[in-house]
Asks: 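If you scroll down you'll find the structure; I have some questions about it.
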Amino acid sequence: MYSGVPTTRRGAVPGDAGQARSGRDGLEAQLGVRLPEDYRDFLTRVGAGGAGPAYGVFPVRRVQGRWRWEGDGADLADPTALAHPFPEHGPDPEAVDALLAERPEEEDFDEIEDFDDAAEAWDERWDALMFAPERTAGALVISHLGCAQREWLIISGTHRGTVWSDRRVDDIDLAPLLDDAGTPVTFARWYLDWLEQAEATARRPRTSE
């Protein structure tokens with residue numbers, strides 16, 4: 001799991017299972033929280049991260065005696081807050097709409113410097129509203145989709161074990177991924193759906209050019 005060596009789909013590399021469980025237990029001890037069951041199984045039976053949806057599953061590694069996740073945006077999560085319940089609600093939609101309506105437009109300013117100052121002040125208010133640390137308490141970033149879009153795994157609270165989309169870069173608050181029946185997608189479903197699609201693509205006959 002934590003050696004950085006990929007493992008097989010059917011289980012960990014022979015002889016590494018005990019080490020993988022020990023590493024996982026050490027990770028949970030550091031975080032002060034038990035990870036969702038399917039993600040725990042992934043860490044001990046599949047790997048610490050690697051190939052997966054989008055740009056892959058963020059790996060967790062031990063660096064200078066401390067466990068941490070690595071990837072584009074992994075540091076958005078606060079590991080000291082993973083035991084806190086993930087919030088039931090995001091920012092007040094009316095507050096979001098009101099602030100978006102106040103976003104500065106360059107054509108409304110005579111001087112570019114005045115626009116830059118107004119935009120910077122607005123960005124600070126936006127970040128305080130949309131990117132407040134408490135918004136993602138109890139969650140960790142597991143994948144990057146590109147263009148600053150990411151996906152989070154909820155660790156604590158009533159949504160524990162589900163995967164959420166983060167499109168705040170496009171002014172859209174976090175939202176749960178849902179399957180065709182409208183059911184929240186778990187980590188296992190999220191990963192296995194990708195794996196099934198990848199296997200189907202690999203089996204597809206190549207067409208001659």
Side-chain angles (χ1 to χ4, degrees), residues 31-36 38-39 52-58 60 68-109 112-191 193-194:
L31 300 174
V33 66
R34 184 182 177 91
L35 299 168
D38 50 1
Y39 185 56
Y55 287 97
V57 183
F58 282 1
V60 57
R68 71 183 189 192
W69 280 267
E70 298 181 346
D72 189 333
D75 57 352
L76 291 172
D78 180 0
T80 66
L82 288 181
H84 301 171
F86 181 75
E88 287 293 319
H89 306 287
D92 179 0
E94 292 186 1
V96 172
D97 290 342
L99 187 53
L100 285 172
E102 298 177 16
R103 174 180 275 165
E105 299 293 341
E106 186 174 349
E107 57 266 25
D108 295 332
F109 294 82
I112 188 62
E113 292 81 4
D114 293 337
F115 167 72
D116 289 341
D117 290 343
E120 182 177 350
W122 186 90
D123 285 343
E124 290 179 356
R125 296 171 61 198
W126 180 255
D127 288 349
L129 179 65
M130 295 294 287
F131 290 87
E134 56 268 22
R135 178 65 187 106
T136 51
L140 61 89
V141 188
I142 56 171
S143 185
H144 180 235
L145 309 182
C147 299
Q149 297 183 28
R150 299 175 176 87
E151 291 180 336
W152 295 69
L153 174 63
I154 310 307
I155 303 300
S156 302
T158 58
H159 302 288
R160 182 177 185 269
T162 59
V163 178
W164 285 51
S165 169
D166 181 357
R167 296 179 57 196
R168 289 177 292 178
V169 67
D170 295 324
D171 305 336
I172 301 172
D173 188 34
L174 276 73
L177 297 183
L178 305 175
D179 63 17
D180 293 340
T183 303
V185 172
T186 63
F187 176 83
R189 186 72 272 150
W190 175 80
Y191 182 77
D193 281 349
W194 166 81

Asks: Salt bridge between R68 and D75, side-chain N to carboxylate O under 4.0 Å?
Replies: no
Asks: Rounded to the nearest 0.5 Å, what separation is found between the CZ atom of R103 and the CG atom of D171?
Replies: 4.5 Å
Asks: Could you tell me which non-hydrogen atom of S143 sits nearest to which non-hydrogen atom of W190, and how far apart they are?
Replies: CB-CZ2, 3.7 Å
Asks: CG/D193 to CG/L177 distance, rounded to the nearest 0.5 angstrom?
Replies: 10.0 Å
Asks: Quick check: closest heavy atoms across F115 and P104, and the distance to 0.1 Å?
Replies: CE1-O, 3.7 Å
Asks: Any side-chain to backbone donor/acceptor pair from R150 onto H144? Under 3.5 Å, distance only.
Replies: no
Asks: Between D170 (side chain) and I172 (backbone), is there a donor-acceptor pair under 3.5 Å?
Replies: no
Asks: Output yes when a side-chain donor or acceptor of D127 lies under 3.5 Å from a complementary backbone atom of F131, and no otherwise.
Replies: no
Asks: Quick one: ring pair (Phe, Tyr, Trp, His ring centres under 6.0 Å) pairs with a partner in residues 77-103, sequence neighbours left out?
Replies: F86-W164
Asks: Can a donor-acceptor pair be found, under 3.5 Å and without considering hydrogens, that links the side chain of R125 to the backbone of L99?
Replies: no
Asks: Looking only at heavy atoms, which two atoms of G32 and A83 are closest? And how far apart?
Replies: O-CB, 3.8 Å
Asks: Check whether any side-chain N or O of T136 sits under 3.5 Å from a backbone N or O of A139 as a donor-acceptor pair, and report yes or no.
Replies: no
Asks: What is the minimum heavy-atom distance between V141 and A74, and which atoms define it?
Replies: CB-CA, 4.1 Å
Asks: Residues in side-chain contact (heavy atoms from CB on, under 4.5 Å) with P85, at least two apart?
Replies: none
Asks: Is a side-chain N or O of R160 found less than 3.5 angstrom from the main chain of L35, in a donor-acceptor match?
Replies: yes
Asks: State, to 0.1 Å, how close C147 and V169 come at their nearest heavy-atom pair, and which atoms those are.
Replies: O-CG1, 3.5 Å
Asks: Taking D173 first and then R135, would you say they form a salt bridge - that is, a charged N and a carboxylate O separated by under 4.0 Å?
Replies: yes
Asks: Which value, rounded to the nearest 0.5 Å, describes the distance between F58 atom CZ and L140 atom CG?
Replies: 10.0 Å
Asks: Which pair of non-hydrogen atoms, one from P53 and one from Y191, has the smallest distance, and what is that distance?
Replies: CD-CD1, 4.3 Å
